[in-house]
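One structure is given here, and the rest of the page talks about it.
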Amino acid sequence: MQTSPPPAKRQRTSHRRTSESFIEQSQFWFDDGDIVVGVEGQSWKIHRSKLMCSAIFADMLELPQPADIERMHGCPLVNLSQDSVNDWLVVLTWMYQREKFHNQTVVFDTIAGALRLSNKYDIPDLRQWSTRQLFLRWPQDLTKMTYAAFPHAAEAICLARQCDVPEILPASFYALSILRWGHLADGGQSHLQLSPSDLRCFIVGREHLQNHLYAILTGADERPGGYNTTICTVCENASRAWLSSSLKPDISSPHGVWLLRNLQLFAVNGCPGLSLHHSRCDVNFRLRIIGFVQDLHEAIPRYFMLRA
């Protein structure tokens, strides 16, 4: 199927003025296209068959078209005034250049554009791809969250609300709470992305996390997780001093204390530099760390007011 730029001089097939405001794009302008999609002053002449992946467009295109429908180059013109050009370029690439789409480096803007339009126009395959990409960055198992969760965490919260993907909210809120906003390239403007209600959820959640860390460091809450984690006074003092040192934030880092990750590393790899006097105390302290991980993982959604 050949593509070519449209003729320099447009043939007007309608007396209505809206078609005059659209500029044809050489990319995704097909000589044998049978419908024109117009977005933000740009237009693409594509094939109805490609739009049939959308339940919304499929229903629309099956309806009888009025005789005076807006046209460009003899084709019906669909003016999508509420959409963005960049979002549609993502979707058109997915429709026509699937191999290129899947082989390109996946950035947040691509995921967001694909999700917004697949959600709006009911494109199940593209929505599935988009949500899978989001879950890789903001997993439901918070112990599997990586540094990929930090960029665009605030935007991810907004996207999750807009497109009904609540599964990524705990990880995106938690990632945003770990970032030290003063160290960010945007000078700490993440709060401008959030709605007032989500900003409150964020502030409340970060306060809860600070209290949680304080309870761990002071021994106010041993979080035993159902185990007997009592240790002797000498080992208790040594373990508490070790926790205070190990969980101390690096003031030069753009990240605060990533408490869940650190505790998970201790639970899996042991506690480097800690040598307790009694083997039983060592076992109980490790059980205590496992309890810390389990309870914090369960508490994070509640802290950010995402779960009762």
> Taking it one step at a time, do Phe292 and Leu287 satisfy side-chain contact (heavy atoms from CB on, under 4.5 Å)?
Replying inline: CA-CA 9 Å; Phe292 287 156; Leu287 290 176; over 6 Å; no
Can you name the closest pair of heavy atoms from [X] and [Y] and give their distance?
X: Ile157; Y: Ser172; result: CG1-OG, 3.4 Å
X: Phe108; Y: Ala156; result: CZ-N, 3.9 Å
X: Cys75; Y: Gly33; result: SG-O, 3.6 Å
X: Ala160; Y: Leu169; result: CB-CD2, 3.7 Å

> Does Met305 sit in a hydrophobic cluster with other residues, and if so which ones, taking ILVMFWY side chains as linked at heavy-atom separations under 4.5 Å, directly or through other members?
Replying inline: Val204
For [X], side-chain contact (heavy atoms from CB on, under 4.5 Å) partners two or more places apart:
X: Pro66; value: Asp68, Ile69
X: Ala267; value: Ile289, Ile290, Val293
X: Asn211; value: none
X: Ala154; value: Leu176, Ser190, Gln193, Leu194

> So His47 and Asp32, side chain to side chain donor-acceptor pair (under 3.5 Å) or not? Walk me through it.
Replying inline: CA-CA 8 Å; His47 305 89; Asp32 60 347; 2.7 Å; yes
> With sequence neighbours excluded, what pairs up with Phe173 under the ring-ring contact (aromatic ring centres under 6.0 Å, His included) test?
Replying inline: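 Testing Phe173 for ring-ring contact (aromatic ring centres under 6.0 Å, His included), a comparison that skips the adjacent residues, returns Phe304.
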>> Quick check with a 6.0 Å cut-off and a 45 degree axis cone: is Arg240 positioned over the face of Trp242's six-membered ring?
In response: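 Relative to the ring axis of Trp242, which defines the angle, Arg240 lies outside at least one limit.
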Quick check: do [X] and [Y] have side-chain heavy atoms less than 4.5 Å from each other?
X: Ile123; Y: Ile56; value: no
X: Ser43; Y: Val37; value: no
X: Val85; Y: Trp44; value: yes
X: Leu117; Y: Val90; value: no
X: Tyr174; Y: Tyr303; value: no
X: Leu134; Y: Leu159; value: yes
X: Leu263; Y: Ile216; value: yes
X: Pro76; Y: Glu70; value: no

> Do Trp138 and His152 have ring centroids that are under 6.0 Å from one another?
Replying inline: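 Centroid distance His152-Trp138: not below 6.0 Å, so no.
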> Under the salt bridge (Lys or Arg N to Asp or Glu O under 4.0 Å) rule, what pairs show up with a residue in residues 74-91, not counting sequence neighbours?
Replying inline: Asp83-Lys120, Asp87-Arg116
>> For residues 154-179, which residue pairs pass the salt bridge (Lys or Arg N to Asp or Glu O under 4.0 Å) check, not counting sequence neighbours?
In response: Arg161-Asp198
When rounded to the nearest 0.5 angstrom, what distance separates [atom1] in [X] from [atom2] in [Y]?
X: His278; Y: Cys235; atom1: NE2; atom2: SG; result: 5.5 Å
X: Arg71; Y: His73; atom1: CZ; atom2: NE2; result: 13.5 Å
X: Asn86; Y: Gln42; atom1: CG; atom2: CD; result: 10.0 Å
X: Arg302; Y: Leu306; atom1: CZ; atom2: CG; result: 11.5 Å
X: Leu276; Y: Cys232; atom1: CG; atom2: SG; result: 8.0 Å
X: Leu126; Y: Cys53; atom1: CG; atom2: SG; result: 7.5 Å

> Can you check ring-ring contact (aromatic ring centres under 6.0 Å, His included) on Phe202 and Trp181, steps first, answer last?
Replying inline: CA-CA 13 Å; Phe202 168 76; Trp181 291 9; 5.0 Å; yes
>> Which residues pass the salt bridge (Lys or Arg N to Asp or Glu O under 4.0 Å) test with Arg286, not counting sequence neighbours?
In response: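 Salt bridge (Lys or Arg N to Asp or Glu O under 4.0 Å) check on Arg286 returns Asp282.
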Near [X] [atom1], under 6.0 Å, is it more than 12 heavy atoms from other residues, nucleotides or ligands?
X: Arg200; atom1: CZ; answer: no
X: Ile251; atom1: CD1; answer: no
X: Gln82; atom1: CD; answer: no

> Aromatic rings Trp88 and Tyr121: how do their planes relate, parallel, tilted or perpendicular, breaks at 30° and 60°?
Replying inline: tilted
> Do the ring planes of Phe28 and Tyr96 sit parallel (below 30°), tilted (30 to 60°) or perpendicular (above 60°)?
Replying inline: tilted
> Yes or no on side-chain contact (heavy atoms from CB on, under 4.5 Å) for Phe57 and Arg48, after CA distance, side-chain angles and deciding distance?
Replying inline: CA-CA 9 Å; Phe57 279 109; Arg48 293 178 183 227; over 6 Å; no
> So, the side chain of Asp122 versus the backbone of Ala55: is there a donor-acceptor pair under 3.5 Å, distance only?
Replying inline: no
>> Using modelled atom types and a 3.5 Å cut-off, is there a donor and acceptor pairing between side-chain atoms of Lys45 and backbone atoms of Val36?
In response: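 Judged by distance alone, no pair lies under 3.5 Å.
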> Going through the distances and angles, do Ile111 and Arg137 end up as a side-chain contact (heavy atoms from CB on, under 4.5 Å)?
Replying inline: CA-CA 11 Å; Ile111 302 170; Arg137 288 159 176 77; 3.5 Å; yes
If you group Ile, Leu, Val, Met, Phe, Trp and Tyr by side-chain heavy-atom gaps below 4.5 Å, do [X] and [Y] land in one group?
X: Met60; Y: Val39; value: yes
X: Ile203; Y: Ile300; value: yes
X: Leu89; Y: Leu115; value: yes
X: Leu265; Y: Phe285; value: no
X: Val268; Y: Leu296; value: no

>> side-chain contact (heavy atoms from CB on, under 4.5 Å) for Ile178 and Met145? Distances and angles first, verdict last.
In response: CA-CA 12 Å; Ile178 296 170; Met145 194 177 84; 4.0 Å; yes
Which atom pairs, one a donor and one an acceptor, fall under 3.5 Å between side chains of residues 252-261 and the rest of the protein, sequence neighbours left out?
{"unit_1": "Ser252", "atom_1": "OG", "unit_2": "Asp250", "atom_2": "OD1", "d": "2.8"}
{"unit_1": "Ser252", "atom_1": "OG", "unit_2": "Asp250", "atom_2": "OD2", "d": "3.2"}
{"unit_1": "Ser253", "atom_1": "OG", "unit_2": "His255", "atom_2": "N", "d": "3.0"}
{"unit_1": "Ser253", "atom_1": "OG", "unit_2": "His255", "atom_2": "O", "d": "3.4"}

>> Do the side chains of Glu236 and Arg288 get close enough for a salt bridge, i.e. N-O under 4.0 angstrom?
In response: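 Yes.
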>> According to side chain to side chain donor-acceptor pair (under 3.5 Å), who are the partners of His297, at least two apart in sequence or on a separate chain?
In response: Asp141
> side chain to side chain donor-acceptor pair (under 3.5 Å) with Ser197: which residues, sequence neighbours excluded?
Replying inline: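 Partners of Ser197 by the side chain to side chain donor-acceptor pair (under 3.5 Å) criterion, ordered by chain and then number, come out as Ser195.
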